[in-house]
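Take a look at this one; I'll ask things after.
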Amino acid sequence: MKRHESIIPVSRDHHHALLFCWKLKQGIQKSVQPDRLSTYTKYFFEQHLQPHFRLEEQILFSKSQDQLCSQAIDEHQQLEQIVSIIKQHHRIQDIATLVLQLEAHIRFEERVLFPHLEQILSSATLQQILNEMPEDTGKSEDDDFDDRFWQSNEY
């Protein structure tokens, strides 16, 4: 999907989040211990997702006070609550819920919210977003988590 250059870095972050979901699904499918999946979830959330949510809220969503941006912020809060539950209880069903809701959230942002923002925001505002975007946004390679449970046949 063609994106305005100011939104491309955030879209690239979404690719990494979808890869995170895939890794968790692989872990669930391979019956990896829930505490290992929970530890990875905590790591990825704190290192990648939480900073991504803040960046979207502060740089992108703050430019429009409409209902779709409010929905995205509400979904961020719901996802944060699920991660909090996962940190406490290490349950596979909560991890599976996180995967489903995060994938749905990314689809919403990519298919609905971002095209909407590209239409309603002025060229000057889109340029301002680009100027405010940290240089390293969307450029992260793979995460550096040590436990590669999604690659292994050892559970």
Side-chain angles (χ1 to χ4, degrees), residues 1-28 36-88 90 94-151:
M1 195 175 297
K2 184 124 170 78
R3 285 274 165 260
H4 186 275
E5 64 180 327
S6 62
I7 298 176
I8 288 173
V10 180
S11 281
R12 284 191 191 126
D13 275 351
H14 286 166
H15 169 75
H16 299 291
L18 290 172
L19 186 57
F20 162 72
C21 291
W22 177 84
K23 290 172 182 178
L24 288 176
K25 286 192 267 189
Q26 290 296 303
I28 292 168
R36 290 173 67 193
L37 300 179
S38 180
T39 300
Y40 179 60
T41 298
K42 178 182 184 286
Y43 157 81
F44 193 88
F45 178 75
E46 291 173 358
Q47 296 299 312
H48 300 282
L49 283 179
Q50 196 170 40
H52 172 82
F53 290 169
R54 297 298 84 81
L55 181 136
E56 283 183 330
E57 291 167 8
Q58 293 168 1
I59 295 177
L60 194 56
F61 303 159
S62 66
K63 306 299 187 267
S64 173
Q65 306 301 320
D66 71 10
Q67 185 57 39
L68 293 177
C69 289
S70 295
Q71 178 181 336
I73 292 168
D74 289 345
E75 289 178 8
H76 287 175
Q77 292 169 349
Q78 292 167 8
L79 290 163
E80 289 173 353
Q81 289 173 345
I82 295 168
V83 171
S84 179
I85 291 167
I86 291 168
K87 288 177 184 180
Q88 293 174 11
H90 313 288
D94 297 326
I95 294 167
T97 297
L98 174 66
V99 167
L100 290 174
Q101 288 194 9
L102 182 56
E103 288 175 333
H105 172 71
I106 292 168
R107 278 193 304 276
F108 163 71
E109 286 189 349
E110 289 290 336
R111 296 177 184 171
V112 178
L113 181 56
F114 291 173
H116 170 73
L117 290 174
E118 289 170 331
Q119 284 186 338
I120 67 164
L121 296 177
S122 69
S123 294
T125 301
L126 288 168
Q127 185 59 47
Q128 179 186 4
I129 291 167
L130 182 60
N131 295 342
E132 292 176 15
M133 197 70 61
E135 263 188 52
D136 61 347
T137 304
K139 294 183 181 169
S140 128
E141 297 295 318
D142 197 14
D143 60 60
D144 58 358
F145 192 70
D146 290 335
D147 181 357
R148 308 299 240 190
F149 60 83
W150 58 88
Q151 295 175 337

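Since this is a predicted model, take the numbers as computed values, not measurements.
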Open item on the list: Would you say NZ of Lys87 has more than 12 non-hydrogen atoms from neighbouring residues, nucleotides or ligands within 6.0 angstrom?
Closed with: yes

Task: Heavy-atom check, side chain of Tyr40 versus side chain of Asp147, under 4.5 Å - done: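 The answer is no, as the side chains (C-beta and beyond) never meet within the 4.5 Å cut-off.
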
Task: Side-chain heavy atoms of Phe53 within contact of Leu79, under 4.5 Å - done: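 Of all side-chain heavy-atom pairs linking Leu79 with Phe53, at least one is under 4.5 Å.
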
- [ ] Determine, step by step, whether His116 and Asp66 satisfy the side chain to side chain contact (heavy atoms under 4.5 Å, CB included) criterion, reporting the C-alpha distance in whole Å, the side-chain angles of both residues, the deciding distance to 0.1 Å, and the verdict.
- [x] CA-CA 10 Å; His116 170 73; Asp66 71 10; 2.3 Å; yes

- [ ] Evaluate the criterion side chain to side chain contact (heavy atoms under 4.5 Å, CB included) for residue pair Asp13 and His48; output intermediate values, then yes/no.
- [x] CA-CA 8 Å; Asp13 275 351; His48 300 282; over 6 Å; no

Open item on the list: In the structure I gave you, are the side-chain heavy atoms of Ile7 and Glu118 within less than 4.5 Å of one another anywhere?
Closed with: yes

Open item on the list: Run Ser11 and Glu110 through side-chain hydrogen bond (donor to acceptor under 3.5 Å, both in side chains) and show every step you take.
Closed with: CA-CA 7 Å; Ser11 281; Glu110 289 290 336; 2.8 Å; yes

Task: Donor on one side chain, acceptor on other, Glu132 and Gln128, under 3.5 Å - done: yes

Task: Residues Glu57 and Ser62: side-chain donor-acceptor under 3.5 angstrom - done: no

Task: Any donor-acceptor N or O pair under 3.5 Å, side chains Gln67, Gln71 - done: no

Open item on the list: Could you tell me if the side chain of Phe61 sits less than 4.5 Å from the side chain of His76, heavy atoms only?
Closed with: yes

Open item on the list: For Phe145 and Tyr43, take the angle between the two ring planes, folded into 0 to 90°, and tell me which bin it lands in: parallel under 30, tilted 30 to 60, perpendicular over 60.
Closed with: tilted

Task: Ring geometry between Phe108 and His105 (parallel below 30°, tilted from 30 to 60°, perpendicular above 60°) - done: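 His105 and Phe108: tilted rings.
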
Task: Donor + acceptor pair across side chains of Asp74, Gln78 (<3.5 Å) - done: no

TODO: Answer whether the closest heavy-atom distance between the side chains of Val10 and Met133 falls below 4.5 Å.
DONE: yes

Open item on the list: Is the shortest side-chain heavy-atom distance between Ile85 and Leu98 below 4.5 Å?
Closed with: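 Counting from C-beta outward, Ile85 and Leu98 never come under 4.5 Å.
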
Open item on the list: Side chains of Phe114 and Leu60, heavy atoms from C-beta outward: is any pair under 4.5 Å?
Closed with: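 Counting from C-beta outward, Phe114 and Leu60 do come under 4.5 Å.
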
Task: Contact check, side chains of Leu18 and Ile106, non-hydrogen atoms, under 4.5 Å - done: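 Leu18 reaches Ile106 side chain to side chain.
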
Task: Sub-6.0 Å ring centroid separation between Phe45 and Phe20 - done: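 So the answer is no for these two rings.
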
- [ ] Hey, could you give me the CG/CZ distance between Leu37 and Phe149, rounded to the nearest 0.5 Å?
- [x] 5.0 Å

Task: Asp94 side, atom CG; Gln81 side, atom CD - distance, nearest 0.5 Å - done: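 Those atoms lie 12.5 Å apart.
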
Open item on the list: Could you check whether His52 and Glu56, counting side-chain N and O atoms only, form a donor-acceptor pair closer than 3.5 Å?
Closed with: yes

- [ ] Starting at CG of Leu117, measure out to CG of Leu68 and round the result to the nearest 0.5 Å.
- [x]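 So the gap between those two atoms works out to 7.5 Å.
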
- [ ] Could you tell me whether Glu80 and Arg54 make a salt bridge, using a distance below 4.0 angstrom between a side-chain N and a carboxylate O?
- [x] yes

Open item on the list: Could you tell me if Thr125 and Ser122 have a donor-acceptor pair between their side chains, going purely by distance under 3.5 Å?
Closed with: yes

